[in-house]
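Below is one structure, written out as structure tokens; the observations come after it.
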2 protein chains.
Amino acid sequence: MGQPSPEPRPDVFQAIADPTRRQLLHMLGDHEMPVTAISGHFPMSRTAVSKHLRILTDAGLLKERKVGRETRYRLEPEPLLELKRWLSYYERYWDNKLLALQRFVESDQDEM
Amino acid sequence: MGQPSPEPRPDVFQAIADPTRRQLLHMLGDHEMPVTAISGHFPMSRTAVSKHLRILTDAGLLKERKVGRETRYRLEPEPLLELKRWLSYYERYWDNKLLALQRFVESDQDEM
DNA sequence: AGTATATGAAACCATTTGGTTTCATGTCAA
DNA sequence: TTGACATGAAACCAAATGGTTTCATATACT
């Protein structure tokens, strides 16, 4: 009755938690690249890199395109906006004036 | 001969990967709170919450303060700046004009 | 002094994660 | 068509993760 498969998209926070995957995003920002070329830059097997690529793709952070016998990956930055939105909530804590006010307002809870 | 213990601070990306920990950060932004009060808001044991609090504290995202027999935790937003810096690199991909230019420049690689 | 409260440490456990090697499939080139 | 290349899937494995229960310790209350 609803959409057929609501796609269980893993969240972007999990996806970027791994340093290898962050390197992948950085590497695929400007050039689309096939798997073998990508994996040459990492000290692990091609299949290991391939699994990271899948995780990033599932999170929506990469787009894959088949060209002949190779699969090329490229950055899809849109899901990072969720991260940006999450982070923007904490902008207010970097404003020192506001921070001082907050601490003053709740100072009555600071017994002892 | 260097500093005594350079503290192996776990990275902030790992720390915020867990949704429970993100909730904790949100909860502790405005009020300092002791462990038992905090854990009342989560469907897990107090010790489980305590371990999350430790991870966040080790990552520098929380400050703990002993008050009598309780330990109170509060948000320490500074390490989020690393995340902000990381994210800012990708700002350029959200600028559609720049994105169009990039794709044009590398269009010679797009055979087929 | 003795009891209750607040917390962290420890030992333990199931699941997830990040890697491996092997195998199957599809495409390109001779 | 035959062989090499590019890739993903599968089975497997060790270590990390996120949770539990139990125990020890420090502080507060009567």
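This one's a predicted model, so the numbers in the text were calculated from it and none came from an experiment. In the text below, chain A, chain B and the rest are named by the order of the sequence lines, each starting its count at 1.
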Next on the checklist: Each nucleotide in nucleotides 19-30 of chain C should get exactly one letter: B, S or -. Can you fill that in based on protein heavy atoms under 4.0 Å?
Outcome noted: BBBB----BB--

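- Heavy atoms of F42(A) sit nowhere under 4.0 angstrom from any nucleic acid atom.
- Between the P atom of dG8(C) and the CG atom of L56(B) lies a distance of 13 Å, rounded to the nearest Å.
- Rounded to an integer number of Å, the gap from K66(B) NZ to dA26(D) C1' is 8 Å.
- Going from atom CG of L53(B) over to atom C1' of dG19(D) covers 15 Å, rounded to whole Å.
- In this structure, the salt bridge (Lys or Arg N to Asp or Glu O under 4.0 Å) partners of R54(A), at least two apart in sequence or on a different chain, are D58(A), E64(A).
- Phosphate proximity of dA9(C) to R54(B): present, with a side-chain N or O under 4.0 Å from OP1 or OP2.
- T36(B) has no side-chain polar atom (N or O) that falls below the 4.0 Å cut-off from OP1 or OP2 of dT5(C).
- The CG atom of L24(B) sits 6.0 Å away from atom CG of L28(B), with the distance rounded to the nearest 0.5 Å.
- OP1 or OP2 of dG8(C) sits under 4.0 Å from a side-chain N or O of S50(B).
- Contact annotation: the side chain of D11(A) approaches that of R22(B) to within less than 4.5 Å [non-hydrogen atoms, C-beta and beyond].
- For the pair R65(B) and Y73(B), the cation-pi criterion (under 6.0 Å, within 45° of the ring axis) is not fulfilled.
- Between Q14(A) and the phosphate of dT17(C), there is a side-chain N or O to OP1/OP2 separation shorter than 4.0 Å.
- Remark: H52(B) NE2 to L62(B) CG distance equals 12.0 Å, nearest 0.5 Å.
- Y89(A) and H26(B) have their aromatic ring centers within a separation under 6.0 angstrom.
- For the OP1/OP2 pair of dT7(D) and a distance below 4.0 Å, the side-chain nitrogens and oxygens of Y73(A) include no atom meeting the criterion.
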